[in-house]
Amino acid sequence: MKPSIPRGTRDFGPAEMQKRQYILNIVRKNFELFGYQPIETPAMENITTLTGKYGEEGDQLIFKILNSRIHESKNKDVLKKEFELSLEASRNSEELTERALRYDLTVPFARFVVMNQHQLTFPFKRYQIQPVWRADRPQKGRYREFYQCDADVIGSNSLINELDLISLVDKSFSQLKVPVIIKFNNRKILSAIAEVIHEPSKIVNITVAIDKLDKIGKEGVNKELAENGISQEAIQKLQPLLEFKGTNAQKVGILKELVGNTEAGKKGIEEIEFLLNTSTAEIELDITLARGLNYYTGTIFEVKANEGTFSSSILGGGRYDDLTGIFGLPNMSGVGISFGIDRIYDVMEELNLFPASTDKSPAATLMFAHFDIESQTHCVSLAAELRNKNISCEVYPDITKKLGKQFDYANKKNIPFVCTVGSNEMQNKLYAVKNMDKGEQQQFNITDLIKFLKKD
RNA sequence: GUAGGUAUAGCUCAGUUGGUUAGAGCAUCGGUUUGUGGUACCGAGGGUCGUGGGUUCGAGUCCCAUUACUUACCCCA
């Protein structure tokens, strides 16, 4: 049988893991630096926890898990009917699927907060680094299994949290040396727009269409709006939004004109101005930024790489005022961001941003080479001594007289020192250690060897 | 779901208007080298040309179908 893995999933070898961990370590360090605490949640959730939170499209992209032992069911007639119905339209049947793989980390987090509300100190700041699954068509930069790295704070309305997150994002990308644009907008503006053009029920269609401005241009957006039943009059009102390019301040001016006399508009503009005035990081107000997820209600974020061919977003996030409400805990506003490290990896690979050290990081500091079972055994006890001193090392596992083969192995694993042990060395307790880079060899007793490697 | 592209050795790919026994580089293994690697030279193994059918004296090459992968649309990290 030919081995394979499901489409959209990947294996990661040691070289790739080295780079992935380089990114993860920087992100995790910053999460902790800003006072977020780690949690984990299960890979699968009850399907009812997930459905209805991600929009119509989103629901269809949830990986569903078929119930086990359906052949033992006592209600096969019901099962058959549910199955028939599922063939006709996208729907959820708990008879068939009670559980699903998590689609993001935010909704499980909201569930977690509600379930553990009495143990948590609010405002609660958590970070979470785990894979999520989406039943999407894979393509460039889009995977069916990928990692999200989320930081969220819940139980606080303060815009300080937004500022904190912006600063965290800015710091992380500058440490990774990835050139980015941090864009933001506010969902209150979008609802205000829907209000002033008298199409409040079409808010999702409007936001999704506007979000595509970059890709399909003004004409494309107008066409899509019309197709979604938005009146010509309303579309005309939206034009200033689509046509305008300029500074952040000028954009705020446009917004004031368009939605400044609505309640939601006023509030949104106020929040936007606060962030623009107080953020120390460079941020760009993008009045066409909408984002698809249903649960956002206030500030929304998106980060894209500023160089290279990679156009999809590498980070997203925003404020959600009532995600926990559906689970029975109202009035819990939260805000969070999510790093897409798989895409960050792709950007960094394309722009050659990984430090050289991640390319050939040594598997160990030293390898022992030997000739027979006696010398190998001797190496094993020497290795134990080095490891007690916290020096990483390994003993060549096979018995062979061919030193070339053993040296080659060390080379391929980028091990910088090789210590060859034969009968002379065992007798004199003096060990020859070769620096694989320089090709020089020095002799040490065990104490000096440890000193030498420690210093190095 | 819709539309395009690709499929030949473990990997990356050549393969002429359809013509003898399908090639290269890298990788692997062996040798030059039984106590010192990266280099060099010599050699070896490894293929049902994705699968099934068709056209033809003859198909890796042309046609049809099918599967997998991939890119774009939709949506998203």
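Atoms considered below: every heavy atom in the structure, side chains included; atoms not considered: hydrogens, waters and symmetry mates. Below, chains carry the letters A, B, ... as their sequence lines are ordered, and counting in each starts from 1.
Residue contacts shown for Gln139(A) include a base, since a base heavy atom lies under 4.0 Å away. Using a 4.0 Å heavy-atom distance criterion, Tyr143(A) is classed as a base contact. At a threshold of 4.0 angstrom between heavy atoms, the contacts of Arg134(A) include nucleobase atoms, whether or not backbone atoms are also involved.
The pairing partner recorded for rG1(B) is rC73(B), the criterion being a Watson-Crick or G-U wobble arrangement whose two distances lie under 3.5 angstrom. Under the Watson-Crick or G-U wobble criterion, with both distances below 3.5 Å, rA44(B) is paired with rU28(B). The partner of rG18(B) cannot be assigned: no Watson-Crick or G-U wobble pair with both contacts below 3.5 Å exists in any strand. rC62(B) is paired with rG54(B) under the Watson-Crick or G-U wobble criterion, all donor-acceptor distances under 3.5 Å. The partner of rU6(B) is rA68(B), judged by Watson-Crick or G-U wobble contacts that both fall below 3.5 Å.
Legend: salt bridge (Lys or Arg N to Asp or Glu O under 4.0 Å) pairs involving residues 13-26 of chain A, not counting sequence neighbours, sorted by first then second residue: Lys19(A)-Glu349(A), Lys19(A)-Asp359(A), Arg20(A)-Asp342(A). Residue pairs meeting the side chain to side chain donor-acceptor pair (under 3.5 Å) criterion with at least one partner in residues 162-176 of chain A, sequence neighbours excluded, are Asn30(A)-Ser172(A), Asn30(A)-Gln175(A), Glu162(A)-Thr299(A), Glu162(A)-Arg319(A).
A donor-acceptor contact closer than 3.5 angstrom links the side chains of Asn222(A) and Gln239(A).
Judged by atom type and distance alone, Arg343(A) reaches the base of rC76(B) through a side-chain donor-acceptor pair under 3.5 Å. If you check distances only, the side chain of Arg137(A) does reach the base of rU2(B) with a donor-acceptor pair under 3.5 Å.
In this structure, Phe354(A) has its ring center closer than 6.0 angstrom to the ring center of Tyr345(A).
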Exercise for review: Any chance you could list the contact pattern along nucleotides 28-41 of chain B? Use B for base contacts, S for sugar-phosphate-only contacts and - for none, protein heavy atoms under 4.0 Å, 5' to 3'.
Suggested key: S--S---BBBB---

